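Quick notes on the structure that follows.
Here the structure is a predicted model, which is why all the values come from computation and not from measurement. Computed from heavy atoms alone, side chains included, the values below leave out hydrogens, waters and symmetry copies.
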Amino acid sequence: MDIPQQDMPGSNSKVEFYPGDIRFKLSLPELFNYEEILYYLNRSKLECLHQVDQGRVYKLIRVKEAETMLPFQLEYDQEAHALNVQSLLETPLLAEECQAAAAYITEWLDLDRDLTPVETLVASDPILSKFPESLRGLRIVGVPDLFEALCWAVLGQQINLTFAYTLKRRLTETYGERHQYGERTYHLFPTPQSMLTASVQDLKELQITTKKSEYILDLARRISSGELQKGGLIASGYYEAEQTLISIRGIGPWTAHYVLMRCLRDPAAFPIGDAGLHAALKRQLGLSVKPTPDQIRELFKPWAGYEAYAVFYLWRTLTL
């Protein structure tokens with residue numbers, strides 16, 4: 001019996017799905033590192049938007065086409081070099097639910113990027129070529145939702161990662177949705193519309209600063225009104241998207257490039273002012289002070305067009 005394969009619109013991925021089933025198989029590119037995906041997704045116990053347990057990832061998404069919630073689990077099938085994705089609902093998957101989950105996972109885990117040029121650059125890089133083969137195939141785990149990506153970047157400004165996760169969790173638990181499926185509780189990040197019910201004082205009670213509260217509520221208004229949209233930013237191109245984001249109060253170059261990197265998926269995104277990037281370079285180069293912007297630009301010249309991947313690799317070296 002032939003396995004029905006469906007191409008993902010606008011994607012290189014293929015989905016193997018039987019109508020009436022609760023699971024499907026998502027094909028993977030040759031260069032793919034599931035262990036590193038798990039490592040990244042499991043980096044904080046405070047994460048509330050997905051769960052990692054015994055090699056499986058659990059996530060809840062909203063399927064707008066079917067107007068349903070879809071909790072799913074995914075795990076790596078080494079023999080087939082594919083992801084096995086299973087709905088955690090009792091009813092069979094609808095075709096649109098399968099396609100929505102496959103599209104989300106493909107974007108979330110960066111499955112459409114051809115990493116061949118990146119791996120070539122890694123092999124010739126004086127810093128990154130020193131690191132274990134186990135890091136090869138590193139993909140940039142993303143934040144597909146624009147509002148979530150912007151809020152996460154704003155919350156993370158000038159604070160440590162642990163407190164940023166704490167604030168994200170408080171914001172999500174207060175203004176997002178919570179659903180129970182089986183023994184697990186799942187959360188959805190707040191929508192811009194749900195945030196319009198909040199005030200600056202409400203957010204300050206979550207220990208979000210006044211300025212960050214104002215920035216988040218302004219972003220919620222802009223996205224809710226249609227003034228700011230992910231599709232429009234992507235269509236406008238790298239430079240225009242950067243300038244549009246920077247023109248918004250509370251979004252500087254670091255925040256703009258972080259969103260370009262993890263949500264808009266521009267491989268040339270370059271958060272040159274990132275403290276983690278500075279720490280990684282200082283450590284790897286044996287410097288007594290952090291490198292200057294000019295030094296960083298010089299180091300990154302060979303990475304032109306793929307700066308985001310060099311940054312992501314360097315972030316990873318901080319935990320080696």
Side-chain angles (χ1 to χ4, degrees), residues 3-28 37 41 47-53 56-76 82-112 141-152 168 171-173 175-196 220 223-224 226 228-234 262-265:
I3 298 175
Q5 286 199 345
Q6 304 177 32
D7 291 327
M8 292 286 297
S11 168
N12 296 322
S13 300
K14 291 185 181 294
V15 177
E16 296 177 4
F17 171 61
Y18 288 107
D21 205 344
I22 63 168
R23 63 184 64 81
F24 64 87
K25 193 179 294 289
L26 181 62
S27 67
L28 291 171
I37 294 286
L41 293 177
E47 177 60 66
C48 60
L49 297 176
H50 61 262
Q51 301 166 47
V52 177
D53 187 9
R56 297 187 179 93
V57 181
Y58 297 83
K59 177 80 174 170
L60 175 67
I61 63 171
R62 185 191 301 277
V63 183
K64 294 179 181 179
E65 294 81 357
E67 297 183 349
T68 59
M69 300 289 181
L70 178 61
F72 63 82
Q73 72 171 40
L74 65 85
E75 61 183 322
Y76 179 52
L83 291 176
N84 290 330
V85 185
Q86 179 174 319
S87 167
L88 301 177
L89 300 176
E90 295 179 357
T91 54
L93 274 169
L94 301 174
E96 53 264 43
E97 291 173 330
C98 170
Q99 289 287 347
Y104 185 93
I105 294 165
T106 296
E107 182 176 1
W108 185 30
L109 303 186
D110 197 22
L111 301 184
D112 270 345
V141 178
V143 184
D145 179 74
L146 177 62
F147 185 58
E148 180 187 337
L150 284 163
C151 288
W152 179 228
K168 183 176 82 166
L171 192 69
T172 298
E173 290 179 345
Y175 295 99
E177 293 185 39
R178 171 179 173 160
H179 297 272
Q180 189 80 27
Y181 298 98
E183 298 179 352
R184 295 183 184 274
T185 300
Y186 297 82
H187 294 275
L188 289 173
F189 193 77
T191 63
Q193 293 75 19
S194 69
M195 289 308 307
L196 294 179
I223 294 176
S224 294
L228 185 66
Q229 295 294 322
K230 180 178 177 179
L233 288 170
I234 293 173
R262 296 200 62 209
C263 181
L264 305 185
R265 291 302 191 179

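Going from atom NZ of K168 over to atom CG of L171 covers 10.5 Å, rounded to the nearest 0.5 Å. A distance of 14.5 Å separates CH2 of W152 from SG of C263, quoted to the nearest 0.5 Å. Atom-to-atom distance recorded for L94:CG and T91:OG1 is 7.0 Å, nearest 0.5 angstrom. Y58 OH to Y181 OH: the interatomic distance, rounded to the nearest 0.5 Å, is 15.5 Å. Here the straight-line distance linking atom CD1 of I61 with atom CG of L49 works out to 13.0 Å at 0.5 Å rounding. Remark: R23 CZ to Q73 CD distance equals 9.5 Å, nearest 0.5 Å.
Counted by atom type alone, S87 and E97 present zero donor-acceptor pairs between their side chains at under 3.5 Å.
V85 pairs with exactly one of L93, I22, L74 by the side-chain contact (heavy atoms from CB on, under 4.5 Å) rule, that one being L74.
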Could you please spell out the steps behind the salt bridge (charged side-chain N to carboxylate O under 4.0 Å, His left out) verdict for D53 and R184? CA-CA 11 Å; D53 187 9; R184 295 183 184 274; 2.7 Å; yes
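At a threshold of 4.5 Å between non-hydrogen side-chain atoms, the residues P92 and D21 do not count as touching. Here the side chains of T68 and L89 are not in contact, with every heavy-atom distance at 4.5 Å or above. Two residues are said to be in side-chain contact when any heavy atoms from C-beta on lie closer than 4.5 Å; L233 and L228 meet this criterion. You'll find the side chain of R265 reaches within 4.5 Å of the side chain of D110, heavy atoms only. A 4.5 Å side-chain heavy-atom check between K59 and I105 finds every atom pair outside the cut-off. Contact annotation: the side chain of E75 never approaches that of Q86 to less than 4.5 Å [non-hydrogen atoms, C-beta and beyond]. Contact of the L88 side chain with the L60 side chain is not registered, since no non-hydrogen atoms from C-beta on lie closer than 4.5 Å. Side-chain contact between L26 and L111 is present, with at least one heavy-atom pair separated by less than 4.5 Å.
In this view, R178 satisfies the salt bridge (charged side-chain N to carboxylate O under 4.0 Å, His left out) rule with no residue, not counting sequence neighbours. For E148, the salt bridge (charged side-chain N to carboxylate O under 4.0 Å, His left out) criterion is met by no residue, not counting sequence neighbours. Listed by chain and residue number, W108 satisfy the ring pair (Phe, Tyr, Trp, His ring centres under 6.0 Å) test with H50 (two or more places apart in sequence, or in another chain).
Although no hydrogens or angles enter the test, the distance criterion places no donor-acceptor pair under 3.5 Å between the side chain of Q180 and the main chain of Y186. Side chain of K230 to main chain of P144: a donor-acceptor pair is present (N/O by atom type, distance under 3.5 Å, no hydrogens or angles). A donor-acceptor pair is defined here as one N or O able to donate and one able to accept, closer than 3.5 Å; such a pair exists between the side chain of Q51 and the backbone of T185.
Residue A82 comes nearest to S27 through the heavy atom pair CB-CA, 4.3 Å, listed as atom of the first residue, atom of the second, then distance. The two atoms that bring A220 and M195 nearest to each other are CB-CB, 3.9 Å, heavy atoms only. When all heavy atoms of C98 and F17 are compared, the closest pair comes out as SG-CG, 3.7 Å. Taking each heavy atom of L70 and A101 in turn, the nearest pair found is CD2-CB, 3.8 Å. When every heavy atom of A102 is checked against every heavy atom of V15, the shortest pair comes out as CB-CG2, 3.6 Å. Shown here for Q229 and G226, the closest heavy-atom pair between the two residues is NE2-CA, 3.2 Å.
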